[in-house]
Amino acid sequence: MSAGRYKGMMADAGLVVMLESIKGDFRKAGLTPGRIGEVSFSGRLTRSRGNCRRETDGFYTIHISTRLMGHTELVRETLAHELLHTVKGCFDHGPRFQEAARKLREYGYHIQSTYEPEAFEIRGRYQFQCSRCGVIVNRTRRSNFTEHPERYIHKGCGGHFEPLPERRPREK
């Protein structure tokens, strides 16, 4: 399929080829993806892997974080996740989304509802370690959690979070 099918296309041709391949897997799984108007990498996505937006003309726009460039498997998973939002009834992460994600496992996809920053190798400015199990949690922005980690308990083991030394932004 040619990149010309996508209006306003600013994406890497490899992303379009990958999208077409994923669409084929969706059809094999009995899922009908929506019409994609644009698929591209975006440097504006710093806190998520990707996003999907429904446009007024009925097409969908998919953006993938430039942080994933060079990580083919992460791009594939993220693109499949965002494309799944275009399937009727799957725009949220509800039961239909979850069921469709299960169908896609047969084709090698491991689509989750959400992804922590750690899931795609982002090291946040703020890091915390669980006192009990040692898991490290990253945060890229200040929040109630970063200001008062002692108020939070790790849901995985019940331990408390302790701050690690703050990572300073690099000087330019």
Side-chain angles (χ1 to χ4, degrees), residues 1-3 5-122 124 130 133 135-141 143 145 152-158:
M1 306 275 166
S2 73
R5 290 180 52 201
Y6 297 93
K7 63 183 178 109
M9 187 70 165
M10 22 184 287
D12 160 45
L15 201 54
V16 174
V17 171
M18 188 180 286
L19 177 67
E20 291 302 324
S21 171
I22 293 168
K23 281 181 174 181
D25 291 338
F26 271 52
R27 288 186 199 98
K28 288 179 203 169
L31 302 170
T32 305
R35 299 178 303 168
I36 309 302
E38 180 183 335
V39 58
S40 63
F41 283 105
S42 172
R44 297 183 72 163
L45 296 174
T46 58
R47 295 176 60 194
S48 66
R49 287 171 134 188
N51 70 19
C52 176
R53 188 174 64 227
R54 189 177 3 206
E55 303 295 345
T56 57
D57 61 4
F59 284 82
Y60 291 87
T61 298
I62 294 176
H63 292 121
I64 304 297
S65 174
T66 54
R67 292 178 179 227
L68 300 183
M69 290 177 124
H71 300 279
T72 306
E73 198 52 37
L74 289 174
V75 170
R76 179 179 176 268
E77 287 292 316
T78 305
L79 198 50
H81 175 112
E82 300 308 332
L83 185 62
L84 187 52
H85 284 305
T86 72
V87 172
K88 187 174 180 166
C90 296
F91 201 70
D92 59 9
H93 294 121
R96 285 187 142 162
F97 180 95
Q98 296 298 323
E99 180 57 34
R102 277 190 287 280
K103 287 181 182 180
L104 290 167
R105 285 193 189 120
E106 182 181 330
Y107 299 93
Y109 297 93
H110 303 285
I111 298 172
Q112 300 173 23
S113 296
T114 60
Y115 298 93
E116 292 298 319
E118 303 82 39
F120 67 112
E121 301 164 1
I122 290 179
C130 176
C133 70
V135 72
I136 294 178
V137 173
N138 287 285
R139 294 292 180 264
T140 55
R141 294 187 178 186
S143 65
F145 178 79
Y152 294 84
I153 295 174
H154 183 210
K155 68 180 177 183
C157 72

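Contact check for His81 versus His93: side-chain heavy atoms found under the 4.5 Å cut-off. Residues Leu83 and Thr86 have side chains in contact (heavy-atom distance under 4.5 Å, counting atoms from C-beta outward). Looking at Ile64 and Arg49, their side chains never come closer than 4.5 Å, going by heavy atoms from C-beta outward. The side-chain heavy atoms of Met18 and Val39, taken from C-beta on, include no pair separated by under 4.5 Å. For the pair His63/Arg53, a side-chain contact is recorded, criterion being any heavy-atom separation below 4.5 Å from C-beta on. When side chains are defined from C-beta on, Leu31 counts as touching Leu84, because their heavy atoms get closer than 4.5 Å.
In this structure, Ile111 CD1 and Glu77 CD are separated by 6.5 Å, a value rounded to the nearest 0.5 Å. Between the OG1 atom in Thr78 and the CG atom in Leu68 there is a gap of 5.0 Å [rounded to 0.5 Å]. The distance from the CD atom of Gln98 to the SG atom of Cys90 is 9.5 Å, given to the nearest 0.5 Å. Here Leu74 contributes atom CG and Met69 contributes atom CE; the two are 13.5 Å apart, rounded to the nearest 0.5 Å. With rounding to the nearest 0.5 Å, the separation of CD1 in Ile62 from CG in Leu79 is 5.5 Å. The line from SG of Cys130 to CD1 of Ile153 is 10.0 Å long, rounded to the nearest 0.5 Å.
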message: Assess the residue pair Glu20 and Lys23 against the criterion (salt bridge (Lys or Arg N to Asp or Glu O under 4.0 Å)); give the C-alpha distance rounded to whole Å, side-chain angles, the decisive distance to 0.1 Å, and a yes or no.
response: CA-CA 5 Å; Glu20 291 302 324; Lys23 281 181 174 181; 3.6 Å; yes
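Here the two rings, on Phe97 and His85, have centers that are under 6.0 Å apart.
Taking the six-membered ring where tryptophan is involved, the planes of Phe26 and Tyr109 are perpendicular, since the angle between them exceeds 60° and thus also 30°.
Among all heavy-atom pairs drawn from Gly50 and Leu45, the shortest one is CA-CD1, 3.7 Å. When all heavy atoms of Ser65 and Phe41 are compared, the pair lying nearest together is O-CD2, 3.8 Å.
Of the possible polar contacts, one joining the Tyr107 side chain to the Lys28 backbone as a donor-acceptor pair under 3.5 Å is found. Between the Glu82 side chain and the Cys52 main chain, a donor and an acceptor come within less than 3.5 Å of each other.
More than 12 non-hydrogen atoms from other residues, nucleotides or ligands lie less than 6.0 angstrom from CZ of Arg76.
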